[in-house]
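Remarks on the structure that follows.
Order of the sequence lines sets the chain letters (A, B, ...), proteins ahead of strands, with each chain counted from 1.
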Amino acid sequence: MADTIDILADLTPEQIEAVTHVDGPLLVLAGAGSGKTRTITRRVAYLVSVGIAPVNILAVTFTNKAAGEMRQRVGELLTFLPGRQRADVTVATFHSLCARLLREFAAAAGLDPSFNILDGSDQAKIAKLALDRAGISAELLPPARLLSAISKSKNRLQLAEQFAAQNTDFSSRNIARAFAAYEQLLKENKAVDFDDLLLRMAMLLRDNAEIRTQLQDRFQYILIDEYQDTNHAQFLICHMLALKHQNICATGDPDQSIYGWRGANLGNILDFEQHFPNAKVVRLEQNYRSTKTILKAASALITNNVQRKNKSLWTNNEQGALIKIIFAADEREEARNVARELRDMFDKQKMRWDEMAVLYRINSLSRVLEDSLMEAAIPYQIVRGTEFYARKEVKDALAYMRLLVNPSDRVSFERIINVPTRGIGPGSVDRIISFAQEKQINLVEACRHAQEIGGLTKKAAAAAVLFATHMAACRAEFSSLINQAEDSSVENIDGAEFSDDIDDADAPVPDFAADVDVNEPFPTVSASSQEEEIGLDGAIDADEIQNPDSSRGKSRSLHGVAALMDRLLRLFKLIDHDKREAEEVERVNNLLELINVAAEFTTQNPTGTLTEYLEQVTLVSDVDKLKDERGAVTLMTLHAAKGLEFPLVIMIGLEEGTLPMSRSFAKSGRDDTDMEEERRLAFVGMTRAKKRLILTGALSRMTRGYGESRNPSRFVAELPKDCIELFDAFRQSRPAGSPGFRDNVQYYPRRPQGLPSVTPDTLRGSTTSTAAFHRGMLVRHPIFGVGRVEEYFENGDNSKAVIDFRKVGRKTLVIAFAKLERLDAGS
DNA sequence: TGTTCCGTGTTTTTT
DNA sequence: ACACGGAACA
């Protein structure tokens, strides 16, 4: 029926073996860069081509981005199928798959189908509350330690009770009590954490034979990617799903296991053949990605791990350049070295910015780097922890939606009941919450009856009632989007409950709200048009928002979640038009962007509910949002880089204490499991590089304000001498026993004092006159956008200006390199 | 009640 | 050095 020629085109014999193995367990041990993604994608297509129904195929990936890409590629390969069926293959991450199934089987899992999924910061809040409730001080048991203990326990499918039974020492008894309080709080909030998604799914499969059989028959062919990073709960889930039909295909690479700290169990992949007898094993050892030099160095490094299955990667690629190793005096100089190397690659090797990446062990290392990249006018994008969905205004807006779906969500309620400030202080909030608990009603319901709550000020009570009224209005208007919450609380709902006519009668929009034009949507902004929306005086034009695009003819109307969000922002006045500071402009832009995300969601998912939307935004990770941004260097952690590749990779912070991290130093008498994971992390980083690899470090690094002296990483010393060239800033002798560079040391030319780090070559093309700047004038920077000059220091070629950029805040720039464009004369 | 300022802890890595 | 939470003030 299908064109299997196409599906098997340009695959190696080993890859074909993996692709065409249809029935029975299969383990694909795929070395770095061995074409694994391609192999499993083709395998899905192959299964369909031999007549297996797409609905019976489940592919589990590590990130949502990987899932999206696979869905797309599989779709492209399945052109022989009608479009409708192409989308029937389930491609998901473990977490999103479990979330989906737990909603489907909520009753059996003992969950409310509209449960919230807590993100990291919500989890931390709950942990603090739990400690509070259990009467344990945060210094006796730090919230982070509690959370890690809970997470470990849940990975083993143990809840508070079993934890208490198994651990009886003093510290564990405290943890057990806090754990129980934590679980109680989750229940009250109708919330689950990330680990719960896995644990509850595993328990459901274990305890409910009927559902287990049903899902086994639904997912007859299962593919699991990045199998080396699965934890015990995930193992149990795939094991139970695959038990009946035994068609499980696991792919992974033990040498790339870097999530042991999160409970990943290397035994899952190492013992696959014991778990699934008669498993076929295919090894992919040819590397298509890197040069011989890079591959040789990475292989040499990983050979130092003892707990390891031997494996030899090889490649037909060119020999390639030596790996540069550059050590600097301190982290600022290291950052300048990085900027110069990037610039060189761009200027001399004609490499595009988006072909380069800088990788580091911990997020905090990106700070200095950003400064020097800005100074050198190198465009970059950062994939990091504090990003879009962690922004306060974004979390606030999402909390409104969560509360709408789930009026018992205390975390969201506490977050936004007084945002924007409406006179309901902490005391009033406590009273409302207690009232809700007493009367066994949800929090929004409690607000509706605020007049009956003793101890509230008139203002607070009125505000609470109004809040409830607005919530009810939204709920009514968008009932078709929100239905799941009703499902659980109302028995045998008839359709009329959700019909439109109930809106006005049940929950009228209060009159006073008429001053907000609730029917006029915000303009949706695309990234490119955002700049235009910002007036030169630094504030978004309120009229632009209120009367969007009438002049452009087509007035776009918002649908689905985007429309709901738009309504929420207006109804609850989440955008303050009076504040006209740069900060507020950014807030507004973030919220507009959030509307865009919602609109996008509705486009891709026309029948998507609010719950599904919220789930998506909670489960996306940083890497998922990594855009293929043309013309920007990518900065990210080594963990985030897994699965990616770049022609040039620069790894920074190659020091003892940073990579490897100091906590991984072998404790006396223990094995060095942690150290081996650090080595794998370095291995993953190195094998991301296709053409060029540069490793850098600093001999002194600022930590908590003061400089600490550092030694070069042992991993550098483990690289074969004929693969590397050393550059060393200083002749300093190093402490005995530290890996040193006594042989063949070339010295990096030191930068003359007082000169900027970037070579004068970079000045070519810059036509900026340094004399033309003064306080108050508006300028545009190619990367940071528009800003106002706050201070200007004239100093010849080294003139600097402090500029307050609307988007990125205040920066100090060297005029000669910053390529600033004058916008007006200022005032 | 809301805002500002100061002292404290904080840095692994993430679904 | 920085961000956050608590205390003091408006």
TODO: Please check if any side-chain donor atom of T611(A) sits under 3.5 Å from a side-chain acceptor atom of R103(A), or the reverse.
DONE: no
- [ ] Return the value, rounded to whole Å, for the distance between atom CG of L131(A) and atom P of dG5(C).
- [x] 15 Å
Open item on the list: Considering every strand and a 4.0 Å limit on heavy-atom distances, what is the contact class for F94(A): base, sugar-phosphate, or nothing?
Closed with: nothing
Task: Integer angstrom distance from the C1' of dT12(B) to that of dG5(C) - done: 23 Å
TODO: State whether N363(A) places a side-chain N or O below 4.0 Å from either non-bridging phosphate oxygen (OP1 or OP2) of dT13(B).
DONE: yes
Open item on the list: Please report the distance, rounded to the nearest Å, between CG in D229(A) and P in dT15(B).
Closed with: 12 Å
Task: Atom-to-atom span, CZ of F62(A) to C1' of dT15(B) - whole angstrom - done: 7 Å
Task: NZ/K125(A): more than 12 non-hydrogen atoms of other groups inside 6.0 Å - done: yes
Open item on the list: Would you say the ring centers of F715(A) and F683(A) fall short of 6.0 Å from each other?
Closed with: no
Open item on the list: Partner lookup for dC5(B), please. Criteria are Watson-Crick or G-U wobble with both distances under 3.5 angstrom; report none if nothing qualifies.
Closed with: dG6(C)
TODO: Round to a whole Å and report the spacing from CG of L147(A) to P of dT14(B).
DONE: 16 Å
TODO: Find the distance R262(A):CZ to dT12(B):P and express it as a whole number of Å.
DONE: 17 Å
Open item on the list: Here's a test of your reading of the structure: between T421(A) and L198(A), which maps to the more 5' nucleotide of DNA chain B?
Closed with: T421(A)
TODO: Mind checking S364(A) for me? I need base, sugar-phosphate or nothing, with any heavy atom below 4.0 Å counting as a touch.
DONE: base
TODO: Specify the separation, in whole Å, of atom NE2 of H639(A) and atom P of dT15(B).
DONE: 11 Å
- [ ] Under 4.0 Å between any heavy atoms, over every strand shown, what does S148(A) touch: base, sugar-phosphate, or nothing? Just pick one.
- [x] nothing
Task: Minimum-distance nucleotide to H95(A) side chain [options: dC2(C), dT15(B), dG5(C)] - done: dT15(B)
Open item on the list: Could you measure the distance from the CZ atom of R680(A) to the CG atom of N305(A)? Nearest 0.5 Å is fine.
Closed with: 6.0 Å
- [ ] Check the angle between the aromatic planes of Y182(A) and F179(A) and answer parallel, tilted or perpendicular using the 30° and 60° thresholds.
- [x] perpendicular
Open item on the list: Need to verify one output field. Residue with the more 5' nearest nucleotide on DNA chain B, S428(A) or T637(A)?
Closed with: S428(A)
Task: Nucleotide nearest K128(A) when distance is taken to its side chain, options dC2(C), dG5(C), dT12(B) - done: dG5(C)
- [ ] Taking atom types as modelled, find out whether D195(A) and S151(A) have a side-chain donor-acceptor pair closer than 3.5 angstrom.
- [x] yes
TODO: Write down the distance between CZ (R680(A)) and C1' (dT12(B)), rounded to a whole number of angstrom.
DONE: 16 Å
TODO: Using a cut-off of strictly less than 4.0 Å, decide whether N418(A) has a side-chain nitrogen or oxygen near OP1 or OP2 of dG2(B).
DONE: yes
Open item on the list: Would W261(A) count as stacking on dT13(B) if stacking means ring centres less than 5.5 angstrom apart and planes tilted under 30 degrees?
Closed with: yes
TODO: Look at T63(A) and dT15(B) and indicate whether a side-chain polar atom (N or O) is within less than 4.0 Å of OP1 or OP2.
DONE: no
Task: Nearest-Å distance for atom pair CG/C1', residues N155(A) and dT15(B) - done: 11 Å
